[in-house]
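All values reported here derive from a predicted model rather than from experimental measurement.
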Amino acid sequence: MKLITLLSLFAASRMLAANDTNLVATGDWSEPVATENWPAIRGRLLICDTPDHASSEHRTDTAVYLELQEFASAVRTVRVYCDLNRWSFPDDHPGLRCELRDSKGKLVPNSPGGFSGGMPVSCWVTIQPYCSVRMRASVFGGGRLDDGGLAIYLASRGWWDVHPNRTNQYYLSGTFTASPPSLSSTNLDVWYGTLTLPPVRIPVKKP
């Protein structure tokens, strides 16, 4: 019965992924990383369209998300401390760090700007066996630009206005580091470490 249940969960997660119409761009999965206590996860970056239910206007919010997936060699639940907001912390603070590069591999500097609005908060996330969780990494602002580009405003201090370009494409990549505020030898289900997240191509409408 346990095997049948797990197989059903796995099939359901594959079906949901295949039918996810909100996905605009998907990066490849990172290599899985395990801790010494066996929990293992992998991750990827996504660009998603989400209806903005907090706005009185009918509009779609386009933002960056981090997806984490349980990937242990044994069937087990994994807990991860996700700190996606590094805005007011030192540069070496754990969490999500991203960089933007063009198709030639050149690093794109941050764009000037500012915002007023909400941000992702630090929280514990529980990932069931064969399942994944998706968390917003963008602040609640940015999104599609009038020229078809994309404003990427991350709570981890990545800030870019990506405009359409006839000859160039842009790719977002990064690392995600989990370092729980408290960890003991009894926390056998807690994952900690660093994932290297492959690049995802930024979807812009070329002129």
Are the side chain of Trp191 and the backbone N or O of Val33 linked by a donor-acceptor pair below 3.5 Å?
yes
For residues Trp124 and Val190, determine if any side-chain heavy atom of one lies less than 4.5 Å from a side-chain heavy atom of the other.
yes
Within the side chain of Arg101, is there an N or O that forms a donor-acceptor pair under 3.5 Å with the backbone of Lys104?
no
State the NE2-CG distance between His163 and Asp147, to the nearest 0.5 angstrom.
5.5 Å
For Thr26 against Arg44, the heavy-atom pair lying closest together:
CG2-NH1, 3.3 Å
Determine whether Leu154 and Val64 satisfy the following criterion, side chain to side chain contact (heavy atoms under 4.5 Å, CB included), listing intermediate values before the conclusion.
CA-CA 8 Å; Leu154 301 180; Val64 177; 3.8 Å; yes
Nearest 0.5 Å, please: how far is CG in Leu172 from CZ in Arg201?
13.0 Å
Steps toward side chain to side chain contact (heavy atoms under 4.5 Å, CB included) verdict (Lys106, Val108)
CA-CA 6 Å; Lys106 182 179 179 181; Val108 179; over 6 Å; no
Side-chain heavy atoms of Leu68 within contact of Cys82, under 4.5 Å:
yes
Applying ring-ring contact (aromatic ring centres under 6.0 Å, His included) to Tyr170 and not counting sequence neighbours gives none
Does the side chain of Gln169 pick up a donor-acceptor pair with the side chain of Ser103 at under 3.5 Å?
no
Please find the pair of heavy atoms, one from Pro94 and one from Ser179, that lie closest to each other, and give the distance.
CG-CB, 3.7 Å
Please tell me if the side chains of Leu197 and Leu66 come closer than 4.5 Å, counting only heavy atoms from C-beta onward.
yes
Short N-O contact, Arg42 and Asp28, less than 4.0 angstrom:
no
Within the 4.5 Å heavy-atom criterion, are Trp29 and Gln69 side-chain neighbours or not?
yes
Which heavy atom of Tyr192 sits nearest a heavy atom of Pro180, and at what distance?
CB-CD, 3.7 Å
Do Leu46 and Tyr171 share a hydrophobic cluster, counting only Ile, Leu, Val, Met, Phe, Trp and Tyr and linking them when any side-chain heavy atoms are less than 4.5 Å apart?
no
Indicate yes or no for a side-chain donor-acceptor contact from Ser30 to the backbone of Gly43 under 3.5 Å, with no hydrogens or angles considered.
yes
In this structure, CG of Leu96 is separated from OG1 of Thr175 (nearest 0.5 Å) by 7.0 Å
Closest non-hydrogen atom pair between Leu45 and Gly174, with its separation:
CD1-N, 4.3 Å
Shared hydrophobic cluster for Val162 and Val24 (ILVMFWY, side-chain gaps under 4.5 Å)
yes
For Asp161, does its backbone N or O pair with a side-chain atom of Ser111 as donor and acceptor, under 3.5 Å?
yes
What distance do Asn168 atom CG and Asp102 atom CG have between them, rounded to the nearest 0.5 Å?
4.5 Å
Working note: Ile202 + Ile152, criterion side chain to side chain contact (heavy atoms under 4.5 Å, CB included); need CA distance, chi angles, decisive distance, verdict.
CA-CA 9 Å; Ile202 302 303; Ile152 302 172; 3.4 Å; yes
Roughly how far, to the nearest 0.5 Å, is CG of Leu84 from OG of Ser138?
10.0 Å
If we only count heavy atoms from C-beta on, is the Glu67 to Cys48 side-chain gap below 4.5 Å?
no
Do Ile127 and Arg79 have side chains that get closer than 4.5 Å, going by heavy atoms?
no
Are any of the side-chain nitrogens in Glu99 or Arg97 under 4.0 Å away from the carboxylate oxygens of its partner?
no
Can you name the nearest heavy-atom pair linking Leu150 to Leu145, along with the distance?
N-CD1, 3.8 Å
Is there a donor-acceptor pair under 3.5 Å between the side chain of Asn110 and the backbone N or O of Trp159?
yes
To the nearest 0.5 Å, atom CD1 of Ile41 lies from atom CZ of Phe176 at 6.0 Å
Contact summary for Pro129 and Thr77, nearest pair of heavy atoms
CD-OG1, 3.6 Å
